[in-house]
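Fair warning: this is a prediction, and the values are worked out from it, not measured in the lab.
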Amino acid sequence: MPTLAAYLIVVAVWATTPLGIKWSGDAMAPLAAAGVRMGIAALLGLVWLWWKRQPLPLTPRARASYLAALPGIFGAMGCSYMGATYLPSGLVSVIFGLAPLLSGLMMQCLPGSVRLNAWHWGACVLGLLGLMLVFDESLAQLLAGGDMGDRGIGLLWMLTAVTLFAGSGIAVQRVGAGLQPMQQTVGGLLISLPCYALAMAVTGQAPVWSGDVRGLSAILYLAVFGSLLGFYCYFQILSRLPAATVALVTLITPVLALLLGNLFNGESLGVMVLAGALLIVLALSLFLLGDHKVRRAVKRLEASRVAA
């Protein structure tokens, strides 16, 4: 698949996924909806591999890569489904937009990583301020001696999700198994299924359909496009493009998701939450500008070494 087409598909899928997750909760319990989605996607992925005559590698490095994808496919997605029961779909996407900032911070602990510059750190501070505005009402309730409320619980689920997602993306790149995108996708999906089954058993969330047709359609849409095609294109651009270019997706999709949530689900956010969301989007812009400056500095350094 051409890189541009894969990139645009990722943007479209990620922008519509939060709304699909929100609607899925009307058809099944959150973890059940996520597990059914991944199961359908894994089955379709196996058919794809059989049709393309691609094996599913089981070498030690391939297995390590599948395990590296597990925190994203099971942990991040499971937490996202739980968080979406408490939050508007647009806000789910905004919090997920913090992934590049978290990835950059995590990379500082790994050898051989590019160090963050002043632009990056400024973006992290701005993103934190935006997050505080989004959390404002929940923190006020907590400090007053009450509980965090639904929004606070949902935000904690989403912060866990985006942390797992960011860490998983770094881990897959670090393993560098050289798998085809669909091999990586199907391997990660298959290894997530026992985890979803165990989570459903522990929480008692059986995969029972409530009768909601829109929710069931959302599950099927996410299985085909959100899990299979979306992950396939994501792993493809992850292997072809610089991390900063991939991160641009998380800058575009929150804005689109907010619009979609308002248009199709009647979601409206308070002034403080919208201000926080705007700060987070600005933080992402600043962070990506920092990446651009780092790449330019590296190129100048390499050019000077060649000239010498």
Side-chain angles (χ1 to χ4, degrees), residues 1-17 20-21 24 28 31-78 80-81 161 164-200 207 216-241 243 245-246 249:
M1 179 182 294
T3 303
L4 178 59
Y7 196 89
L8 293 175
I9 287 172
V10 171
V11 170
V13 168
W14 283 19
T16 54
T17 290
I21 290 175
S24 297
M28 291 183 187
L31 292 177
V36 169
R37 164 189 170 181
M38 301 307 171
I40 295 172
L43 180 61
L44 293 174
L46 287 172
V47 173
W48 173 286
L49 290 178
W50 171 79
W51 178 50
K52 291 290 187 179
R53 297 186 179 179
Q54 290 182 9
L56 186 65
L58 295 175
T59 63
R61 180 167 283 189
R63 293 198 299 269
S65 191
Y66 303 149
L67 282 172
L70 185 61
I73 296 176
F74 168 66
M77 287 296 102
S80 295
Y81 272 77
L164 291 171
F165 179 78
S168 180
I170 293 171
V172 170
Q173 285 190 320
R174 287 270 165 164
V175 171
L179 300 171
Q180 294 296 318
M182 189 59 74
Q183 293 172 330
Q184 175 68 64
T185 302
V186 174
L189 286 168
L190 287 173
I191 206 169
S192 75
L193 295 183
C195 299
Y196 277 110
L198 179 61
M200 282 188 278
L216 182 62
S217 300
I219 292 174
L220 294 175
Y221 166 78
L222 291 175
V224 177
F225 295 97
S227 295
L228 194 63
L229 187 61
F231 281 133
Y232 169 76
C233 292
Y234 171 68
F235 287 127
Q236 190 171 67
I237 64 174
L238 201 62
S239 64
R240 293 181 182 179
L241 298 174
T245 306
V246 177
V249 176

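Evaluation of the ring pair (Phe, Tyr, Trp, His ring centres under 6.0 Å) rule for Tyr234 yields Trp14, Phe165 as partners, not counting sequence neighbours. Here Ala15 pairs with Thr253, Leu256, Leu260 under the side chain to side chain contact (heavy atoms under 4.5 Å, CB included) rule; sequence neighbours left out.
The heavy-atom pair separating Met200 from Ala32 by the smallest distance is SD-CA, 3.4 Å. Scanning both residues, Val224 and Leu44, for their nearest heavy atoms gives CG2-CD1, 3.8 Å. For Pro57 against Pro55, the heavy-atom pair with the smallest separation is CD-O, 3.2 Å. Between Thr17 and Gly226, the closest heavy-atom pair is OG1-CA, 4.4 Å. Considering all non-hydrogen atoms of both residues, Ala33 and Ile219 come closest at CB-CD1, 4.0 Å. Of all non-hydrogen atoms in Val13 and Tyr221, the two that sit nearest each other are CA-OH, 4.3 Å.
Once rounded to the nearest 0.5 Å, the distance linking CG of Leu31 with CE of Met77 reads 12.5 Å. Separating the OH atom in Tyr196 from the CZ atom in Arg37 is a distance of 7.5 Å, to the nearest 0.5 Å. To the nearest 0.5 Å, atom CG of residue Leu228 and atom CE of residue Met182 are 4.5 Å apart. One distance of note links CG of Leu56 with CG of Leu49; it measures 6.5 Å at 0.5 Å rounding. Here CD1 of Ile191 is found 9.5 Å from CD1 of Ile73. Values are rounded to the nearest 0.5 Å. Between Trp48 atom CH2 and Gln183 atom CD the span is 12.5 Å, to the nearest 0.5 Å.
Panel note: side chain Thr16, backbone Ala12; a donor-acceptor pair is recorded below 3.5 Å.
Within the 4.5 Å cutoff, the side chain of Ser65 has heavy atoms near those of the Val172 side chain. In this structure, Leu67 and Val175 have side chains that are not in contact, with every pair of non-hydrogen atoms separated by 4.5 Å or more. By the 4.5 Å heavy-atom criterion applied to side chains, Tyr66 and Leu179 are counted as neighbours. Counting heavy atoms from C-beta outward, Cys195 and Leu70 have side chains that approach closer than 4.5 Å. Met38 is not listed as a side-chain neighbour of Phe74, based on a closest heavy-atom distance of 4.5 Å or more. With contacts defined as side-chain heavy-atom distances shorter than 4.5 Å, the pair Lys52/Gln180 does not qualify. Between Gln184 and Pro181, every side-chain heavy-atom pair lies at or beyond the 4.5 Å cut-off.
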